[in-house]
Structures are given as structure tokens and as C-alpha cells.
Amino acid sequence: MKLTCMFSFILLFGVAGLIVFIHLQDPAEMVHQQGAAPGMKFELTLHQSKKDCTSNNQYRNIIENPAKQLLQINPDVPSYPPYQYAAVYQNTKRRQKTMLLLRRDNKKNTDRKLLKKRKRFLLRETPVLIAMNSSSVDLTRLELEDRNSKWKELYEMQRERKKLMQDICSKYKSGARRIITPYHVSRIFVEDKHKLLYCEVPKAGCSNWKRVLMVLNGLASSTKDIQHNTVHYGNYLKRLDSFDRNGIFYRLNTYTKMIFVREPFERLVSAFRDKFEHANNYYHPVFGKAIISRYRANATKDALRTGSGVHFTEFIQYLLDVHRPVGMDIHWDHVSRLCSPCLIDYDFIGKFESMEEDANFLLHLIGAPQNLTFPRFKDRHSNEERTTHKITQQYFAQLSPTERQRTFDFYYMDYQMFNYSKPFEDLY
């Protein structure tokens with residue numbers, strides 16, 4: 001009898017202790033522990049903002065105010081059907097009153113870090129929602145006397161180039177949503193005086209185009225006065241991602257947006273010659289060392305130490321390797337990735353091969369000073385011949401047919417979108 005009573009007492013005591021433990025346990029801590037278990041996800045919960053809540057106002061405002069600013073739709077811009085956008089962006093009013101929080105540990109330090117990260121996420125990743133914007137370069141912009149001159153022929157060429165680009169985008173990326181983030185416009189330079197946006201494509205005349213933008217902006221009187229380092233490292237030109245959401249939206253829909261491209265193989269060889277065949281204190285140690293280490297058998301200690309002397313065949317191996325030892329670079333990345341032409345409706349598509357004619361036509365369209373023409377001087381390695389079709393053929397002759405085909409496949413979208421013909425007959 002005594003044994004039975006003792007066992008019952010112990011059992012009741014254990015149950016009472018368990019109840020007290022559960023009652024005192026912090027629910028947020030329990031969720032945190034569950035989320036940390038293998039195969040489990042953090043629980044996402046929508047919390048309604050409370051007007052009478054004071055304890056968390058300081059931290060809530062850090063998230064809510066930038067969110068309201070970034071998600072506010074410009075009232076001066078006409079509305080567009082909601083099906084163009086993701087569903088989460090259709091009800092902006094409700095989105096402004098709510099915020100998405102990750103239920104985690106309620107310690108102040110942890111909360112502060114989480115809120116700071118969320119704020120940075122909103123500022124960097126919140127998309128800019130834009131509509132299908134039509135070209136601002138119209139035939140009506142041509143003077144009456146120009147309509148029967150060479151300008152009309154160049155204008156018709158622009159229409160053809162733009163139509164081809166749109167057709168290729170429709171063919172290969174028909175399901176893509178038109179949501180533009182600051183990343184997509186990070187390579188676009190702004191010239192407000194003449195309402196011009198220029199997407200920089202390295203090795204396609206970008207240095208001289210930046211000189212032209214600086215003159216248009218009143219930062220210099222002549223393109224000849226601007227040194228190479230001033231162009232690329234002076235930070236005198238504004239980028240489109242430096243503006244707020246409304247500033248980006250306004251300029252994308254009202255400014256003339258231009259891009260200049262180049263034959264992909266020729267641009268690739270030009271980049272290789274510039275970065276690997278001349279002394280360079282960035283590309284040799286960062287790219288050269290990694291390329292030689294991965295793709296050169298029996299590399300010398302000096303080559304591994306300096307990264308100098310990369311062969312073109314090794315460079316192509318790196319380019320085509322899905323597990324590259326070092327990442328991509330803007331000088332040989334796809335134009336379709338650098339400038340997002342299937343997201344941004346470019347008004348003017350120029351080509352390096354007809355640079356002088358195309359560039360001066362654009363300057364005429366935007367009403368640039370008549371004495372401003374596109375410069376053709378070569379300020380780096382000026383004693384060296386420019387990369388031509390002939391030189392490009394010589395470099396690609398070092399590759400096997402399979403390597404040439406794979407490189408062509410790598411740049412296939414650029415070839416299609418900008419109407420460049422196959423550089424070798426055996427390519428398919």
C-alpha cells in the first residue's frame with residue numbers, strides 16, 4: 001500500500017512539473033528550436049501592424065518606412081493591368097500595412113541584426129515595376145529636311161534592330177515578368193541634361209562613350225581632355241541604381257535608352273588581349289593565377305606566383321568551365337546579362353562596327369552640340385592594332401572545332417539578338 005501511494009505521488013509530481021515547464025517556456029524560443037531541426041523550415045508569419053504598439057516602434061519603423069517608400073506607386077504614372085506583375089505586388093495598400101517577419105529568438109541583439117538585414121534587403125532587392133515602354137526615338141524627332149537624307153535610312157535600320165531584339169526576346173523569354181531590380185540597371189549611366197541612359201558594354205567603345213556623356217553633362221569641354229583613369233575611376237557619372245525607385249521608374253520611361261554592342265568573338269579577343277597580354281595588377285593575380293593553376297599542367301612557380309602569361313586556350317577553358325575557379329567578369333560576360341535587353345526596352349541599338357555613323361546619328365537625335373562628335377582615338381595600347389575580324393580568326397584558330405562551337409553556344413543569344421553572322425562556317 002505504501003509503495004502504491006509513493007508511486008502515485010511521484011507520478012503526480014512529474015506531471016505537475018511538466019505543466020509548469022511548458023507554461024514558462026517562451027513560444028518564440030520553441031519555434032526557434034523547431035526551425036533548427038533538420039528538415040524543418042523557419043515559420044513565416046504575417047503580423048498586422050498595431051497603432052497602439054509602442055515597445056517595438058523603433059525597430060518596426062526601420063523596416064516599415066523603407067518598405068512604404070519603395071512600394072509606393074507613382075500617382076503621376078498611368079496604371080497598368082495587374083497581370084503584368086507578380087501577385088504579391090497587386091495589393092499595394094495592404095502590403096504597406098503589413099510586414100513579413102521571421103519568428104526567431106526575441107533577444108534584442110538578434111532582433112536588431114535581423115531588422116538591419118531586412119532593411120538592406122528591401123533597399124537592394126525591392127523590384128521596380130515598369131510597363132512596356134515604347135521607344136522615345138520617333139521619326140517625328142527628325143527635322144523635316146532630314147527625312148529624305150541619310151538620317152532616315154539610319155532610323156529605319158534602328159527600327160529593324162529593335163524589332164529583331166524584341167522578336168528574339170519574345171521567342172526565348174516570352175514568360176519572363178517585367179520586374180526590374182536595381183541590379184538590372186546597375187550598369188546604366190545617366191545624363192540628365194539630354195535625358196540619355198547608356199548601358200555600358202565593355203570593349204564596345206564604352207570609354208569614349210563615357211567621355212561623350214561627360215561633355216554632354218558639362219564636366220569637360222572636349223573628349224580629348226579626359227584621361228582614361230578619369231573616365232573609369234573618377235566617379236563623375238551617375239548610375240541609374242543610385243536613384244530611388246521613382247527616379248529609376250521616371251528615367252526608364254522618359255529618357256532615350258541606348259546600348260552599343262560588338263561581334264561577340266571579336267569582343268572576347270579584345271578583352272583577352274587587353275587584360276592578359278599586357279601588365280595588369282588586377283587581372284593577372286585574380287584571374288591569371290587561378291586559370292594557370294587549374295588548366296596548365298606543369299606550370300612554373302613564377303607563372304603560379306604572378307598569373308602572367310595566360311594562353312588563349314587556357315582562357316577559353318576557364319570561360320566554358322561550369323565550375324570556374326574564379327567568377328565571370330563584365331569584359332567577357334554576355335550583353336544579354338549585362339544590360340538585360342529583354343527587360344529594358346532600349347530605344348537605340350548601336351554597333352561597334354558602325355560606331356561613328358551610329359553614334360553621330362544618336363547625338364543628332366538628342367540635340368547634342370553640333371561640334372560634338374564621337375571620338376575614335378585609342379587611349380590604351382595606342383601603338384597596338386585594334387582587334388579586327390582577321391586578328392580574331394587567328395586567335396580562334398588555336399582552338400579545336402568543339403571549343404569554337406561551345407564558345408559560339410556560350411554567346412548564342414548575343415549573336416541572335418544583335419544579328420551577327422556565324423564567325424566560322426563549321427558552326428551550327
Side-chain angles (χ1 to χ4, degrees), residues 84 130-142 146-147 150-180 184-185 187-188 196-206 209 252-253 255-268 270 332-366 374 389 392 405 407-425 427-428:
Q84 292 182 357
I130 73 165
M132 294 289 289
N133 49 346
S134 59
S135 173
S136 62
V137 179
D138 198 356
L139 191 59
T140 57
R141 305 257 328 246
L142 296 175
D146 290 336
R147 297 190 183 186
K150 63 177 182 179
W151 298 126
K152 183 177 179 180
E153 181 181 344
L154 292 174
Y155 170 79
E156 294 298 333
M157 184 180 295
Q158 283 300 315
R159 289 185 61 183
E160 292 173 4
R161 289 177 182 175
K162 182 169 180 175
K163 184 179 185 305
L164 174 63
M165 185 178 71
Q166 292 174 337
D167 289 345
I168 295 298
C169 288
S170 298
K171 180 179 179 180
Y172 292 100
K173 301 185 178 183
S174 57
R177 294 170 176 164
R178 294 184 64 83
I179 297 179
I180 298 177
H184 293 116
V185 298
R187 304 220 60 79
I188 296 181
L196 188 63
L197 299 179
Y198 165 62
C199 185
E200 175 191 31
V201 177
K203 313 311 296 180
C206 67
W209 262 119
L252 282 175
N253 282 277
Y255 283 25
T256 299
K257 301 173 290 296
M258 70 160 176
I259 180 177
F260 271 75
V261 298
R262 187 176 185 178
E263 203 282 334
F265 277 16
E266 190 175 305
R267 176 172 167 255
L268 180 66
S270 177
W332 47 82
D333 205 351
H334 317 77
V335 175
S336 53
R337 261 196 0 179
L338 291 172
C339 295
S340 304
C342 291
L343 281 176
I344 299 171
D345 194 24
Y346 287 96
D347 305 305
F348 194 96
I349 305 165
K351 291 193 173 185
F352 184 84
E353 294 76 17
S354 54
M355 175 66 78
E356 188 172 356
E357 189 174 51
D358 288 349
N360 290 330
F361 177 48
L362 176 66
L363 293 175
H364 176 80
L365 286 175
I366 65 172
F374 189 80
H389 174 72
T392 301
Q405 180 64 53
T407 308
F408 177 74
D409 294 341
F410 185 83
Y411 291 107
Y412 181 76
M413 282 298 294
D414 287 356
Y415 273 100
Q416 293 289 303
M417 194 173 293
F418 304 112
N419 198 29
Y420 284 109
S421 58
K422 295 177 182 179
F424 289 90
E425 293 181 359
L427 297 175
Y428 55 86

Partners passing side chain to side chain contact (heavy atoms under 4.5 Å, CB included) against [X] (at least two apart in sequence or in another chain):
| X | result |
| --- | --- |
| T392 | F265, E266, V269, T387, F396 |
| A359 | W209, F260, M355, F374 |
| E356 | N360, R376 |
| L427 | R404, Q405, F408, K422, P423, F424 |

Is there a side-chain contact between [X] and [Y], using heavy atoms and a 4.5 Å cut-off?
| X | Y | result |
| --- | --- | --- |
| P264 | F410 | no |
| I168 | F418 | no |
| R267 | E263 | no |
| I344 | I188 | yes |
| T256 | L362 | yes |
| H184 | C339 | no |
| S270 | R262 | yes |
| H334 | Y411 | yes |

Can L268 and T407 be said to form a side-chain contact (heavy atoms from CB on, under 4.5 Å), step by step? CA-CA 10 Å; L268 180 66; T407 308; 4.1 Å; yes
If the plane angle is over 60° it's perpendicular, under 30° parallel, otherwise tilted; pick one for Y412 and Y172.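 Rings of Y412 and Y172: perpendicular, as their planes differ by over 60°.
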Residue list, side-chain hydrogen bond (donor to acceptor under 3.5 Å, both in side chains) with [X], at least two apart or on another chain:
| X | result |
| --- | --- |
| R159 | none |
| D333 | R337 |
| Q158 | none |

For a quick test of reading the model, state the closest non-hydrogen atom pair linking [X] to [Y] and the distance between them.
| X | Y | result |
| --- | --- | --- |
| V335 | D414 | N-OD2, 2.9 Å |
| Y198 | C206 | OH-CA, 3.2 Å |
| L252 | K257 | O-NZ, 2.9 Å |
| M165 | P341 | SD-CB, 3.6 Å |
| V261 | A204 | C-CB, 4.1 Å |
| D358 | G350 | OD2-CA, 3.7 Å |

[X] [atom1] to [Y] [atom2] distance, which is reported to the nearest 0.5 Å:
| X | Y | atom1 | atom2 | answer |
| --- | --- | --- | --- | --- |
| D347 | I366 | CG | CD1 | 12.0 Å |
| L365 | F348 | CG | CZ | 6.5 Å |
| D345 | C169 | CG | SG | 9.0 Å |

Salt bridge (charged side-chain N to carboxylate O under 4.0 Å, His left out) involving K351 - partner list, sequence neighbours excluded: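 Expected list: none.
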Does D167 have any salt bridge (charged side-chain N to carboxylate O under 4.0 Å, His left out) partners at least two apart in sequence or in another chain, and if so, which?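 Salt bridge (charged side-chain N to carboxylate O under 4.0 Å, His left out) list for D167, sorted by chain: K163.
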Using the side-chain contact (heavy atoms from CB on, under 4.5 Å) rule, take M417 and L164 through it: C-alpha gap first, then chi angles, then the decisive distance, then the call. CA-CA 7 Å; M417 194 173 293; L164 174 63; over 6 Å; no
Please name all residues satisfying ring pair (Phe, Tyr, Trp, His ring centres under 6.0 Å) with H389, sequence neighbours left out, ordered by chain then number.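 With sequence neighbours excluded, H389 shows a ring pair (Phe, Tyr, Trp, His ring centres under 6.0 Å) to no residue whatsoever.
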Residues forming a ring pair (Phe, Tyr, Trp, His ring centres under 6.0 Å) with Y420, sequence neighbours excluded: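 Y420 satisfies ring pair (Phe, Tyr, Trp, His ring centres under 6.0 Å) with no residue once adjacent residues are dropped.
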Give the C-alpha distance, both sets of side-chain angles, the deciding distance and a yes or no for side-chain contact (heavy atoms from CB on, under 4.5 Å) between E200 and L338. CA-CA 8 Å; E200 175 191 31; L338 291 172; over 6 Å; no
